[in-house]
K.L.:
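Can you read through this structure? Questions will come right after.
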Number of protein chains: 2
Amino acid sequence: MEIEKEIKQNKFKDEINKLMINQLFTGKWITNLIAKQLKPFGITNQQYNVLRILRGQKSNYISVNAISDRMIDKMSNVSRLIDKLVDKKLVQRKINKDDRRQADIVINQKGLDLVKAIEDTEDDLKSNFKSLSEEEAKQLNDLLDKLRG
Amino acid sequence: MEIEKEIKQNKFKDEINKLMINQLFTGKWITNLIAKQLKPFGITNQQYNVLRILRGQKSNYISVNAISDRMIDKMSNVSRLIDKLVDKKLVQRKINKDDRRQADIVINQKGLDLVKAIEDTEDDLKSNFKSLSEEEAKQLNDLLDKLRG
DNA sequence: TACAAATATATGTAGATACAGATAATGTAT
DNA sequence: ATACATTATCTGTATCTACATATATTTGTA
């Protein structure tokens, strides 16, 4: 639906103003879709983001900072996100031997299983994204990258 | 910058997966820019959104539900957002005579002045969006609208 | 070596958010 | 008129978030 209808605003000052709003709205739309997907599994969008980053590292440990660098939301309080994941026994934390300030994190089997289970519901999520062709999706990706300069 | 570099992920499963991430990242990017713009004024993104909706209504009262319909983030707890704005004496709330369930809200002069003051800093915010031409911005808007179906 | 600066992570906190449920008024069917 | 459903808003709550600050360790350098 046109953003004008979504938020009942029939005119924007200019195309950039409209773009900001449209972008915020669409970001929130996707956030909510993912949150809904994750709800049955009892984890948040940010926790899922961390789990997938960790899975990408296989069985290698990775520091809290390195996780932060890879997160979609850089502002996240990764320390406490990890706390939650440790509580749920999805990941493990240990102190790095060579630099004892550093906490190293690794995903464990239960975490891998959870990510797998969530990914099995991905078709459901993806069904919301059928309106764009692969070509249009690529075009959109390029414009988003360009937007951020 | 390319999304791959922003989150240090060098490959995505497909263009749609990448688009979801890119969209979330860009949404968060804009949210943070606006939050930074608003910080000196002591209001949040959501509160600002409500204030601008109310300004659009001029001196007419509008219901909490109608505000919600017009918000970028529909999930917001508008009741409590209004509480904050009333505390700050930026808006007023009164019970609707004809339907006593309904709360009607209107922006007052202090609120209008605040929105004006914030808008005077808009050039600063807009300076982050110079990388797209008007034409590209329009193209992006159209693709976002199409994305949401 | 000693000491300041930088780094990596954790913690305290006020406030925001999501969601469930409560409250109250109104609409509707009998 | 009565009872039940619906609507509009508010409240309780647990959790999350942003931001400032604290702690611990390492690095650079005089």
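Chain letters run A, B, ... following the sequence lines, proteins first and then strands; every chain starts at 1.
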K.L.:
Short question: side chain of B:Thr26, backbone of B:Gln23 - any donor-acceptor pair under 3.5 Å?
P.N.:
no
K.L.:
Quick one: B:Asn96 CG to C:dT26 P, roughly how many Å, whole number?
P.N.:
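In whole Å, C:dT26 P and B:Asn96 CG are 9 Å from each other.
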K.L.:
Can you check whether A:Glu15's main-chain N or O pairs, donor with acceptor, with B:Asn141's side chain at less than 3.5 Å?
P.N.:
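It does hold such a pair.
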K.L.:
From C-beta outward on A:Arg80, which listed nucleotide comes closest to its side chain: D:dT13, C:dT11, D:dC10?
P.N.:
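Ranking D:dT13, C:dT11, D:dC10 by closest atom to the A:Arg80 side chain puts C:dT11 first.
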K.L.:
Would you say the side-chain atoms of A:Asp73 pair up with the backbone N or O of A:Gln46, donor to acceptor, closer than 3.5 Å?
P.N.:
no
K.L.:
Looking for any heavy atom pair under 4.0 Å, which part of the strands does A:Lys36 touch: base, sugar-phosphate only, or nothing?
P.N.:
nothing
K.L.:
Select from A:Lys97 and A:Asp73 the residue whose nearest nucleotide in DNA chain D is closer to the 5' end of that strand.
P.N.:
A:Asp73
K.L.:
Can you tell me the distance, in whole Å, between the CD1 atom of A:Ile62 and the P atom of C:dT9?
P.N.:
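Computing the A:Ile62:CD1 to C:dT9:P distance gives 10 Å.
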K.L.:
Please check the phosphate of C:dA20 (OP1 and OP2 only) for any side-chain N or O of A:Lys39 closer than 4.0 Å.
P.N.:
yes
K.L.:
Quick one: B:Gln102 CD to D:dC10 P, roughly how many Å, whole number?
P.N.:
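Distance, rounded to whole Å: 10 Å.
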K.L.:
Considering just the side-chain nitrogens and oxygens of A:Asn77, establish if one lies under 4.0 Å of OP1 or OP2 belonging to D:dT17.
P.N.:
no
K.L.:
Mind listing the N/O atom pairs, protein and nucleotides 14-16 of chain C, below 3.5 Å?
P.N.:
{"residue": "C:dA16", "atom": "OP2", "partner": "B:Lys84", "partner atom": "NZ", "Å": "3.1"}

K.L.:
Would you classify B:Asp98 as touching base, sugar-phosphate or nothing, given that sugar-phosphate means primed atoms plus P, OP1 and OP2, and contacts are heavy atoms under 4.0 Å?
P.N.:
sugar-phosphate
K.L.:
Quickly work out the A:Arg100 CZ to C:dA10 C1' distance and round it to whole Å.
P.N.:
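Between C1' of C:dA10 and CZ of A:Arg100: 15 Å.
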K.L.:
Treating B:Asn45 as the side-chain partner and B:Thr31 as the backbone partner, does any N or O pair qualify as donor plus acceptor under 3.5 Å?
P.N.:
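Checked: pair present.
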K.L.:
Given that B:Ile82 and B:Ala35 both sit by DNA chain D, which one's nearest nucleotide is further toward the 5' end?
P.N.:
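In this pair, the answer is B:Ile82.
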K.L.:
Grab the CG-P distance between B:Asp83 and D:dT9 for me, whole Å please.
P.N.:
13 Å
K.L.:
Calculate the interatomic distance between A:Asn65 atom CG and C:dA6 atom P; express it in whole Å.
P.N.:
16 Å
K.L.:
If I take atom CG in residue B:Leu85 and atom C1' in nucleotide D:dC10, what distance separates them, rounded to the nearest angstrom?
P.N.:
16 Å
K.L.:
With a 4.0 Å limit, can you tell me whether A:Arg101 has a side-chain N or O closer than that to the phosphate oxygens OP1/OP2 of D:dA24?
P.N.:
no
K.L.:
Do side-chain atoms of B:Asn32 reach the backbone of B:Trp29 as a donor and acceptor pair under 3.5 angstrom?
P.N.:
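Between the backbone of B:Trp29 and the side chain of B:Asn32 there is no qualifying donor-acceptor contact (under 3.5 Å).
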K.L.:
Please check if any side-chain donor atom of B:Lys88 sits under 3.5 Å from a side-chain acceptor atom of B:Gln47, or the reverse.
P.N.:
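Their side chains do contain a donor-acceptor pair, which is all the 3.5 Å distance test asks for.
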K.L.:
If we count only N and O atoms by modelled type, under 3.5 Å, do the side chains of A:Arg148 and B:Asn22 hold a donor and an acceptor together?
P.N.:
yes
K.L.:
Base, sugar-phosphate, or nothing for B:Lys28, non-hydrogen atoms under 4.0 angstrom?
P.N.:
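Sugar-phosphate, no base atom in range.
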K.L.:
May I ask you to say what B:Asp99 touches in the nucleic acid, namely base, sugar-phosphate or nothing, with a heavy-atom cut-off under 4.0 Å?
P.N.:
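Since only primed, P, OP1 and OP2 atoms lie under 4.0 Å of B:Asp99, the category is sugar-phosphate.
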K.L.:
Go through it in stages, so that I can follow the logic: the residues are B:Glu6 and A:Lys74, the test is salt bridge (Lys or Arg N to Asp or Glu O under 4.0 Å), and I'd like the CA-CA distance, side-chain angles, deciding distance and then a yes or no.
P.N.:
CA-CA 10 Å; B:Glu6 302 273 19; A:Lys74 310 284 187 200; over 6 Å; no
K.L.:
In whole angstrom, what separates B:Met71's CE from C:dT17's C1'?
P.N.:
12 Å
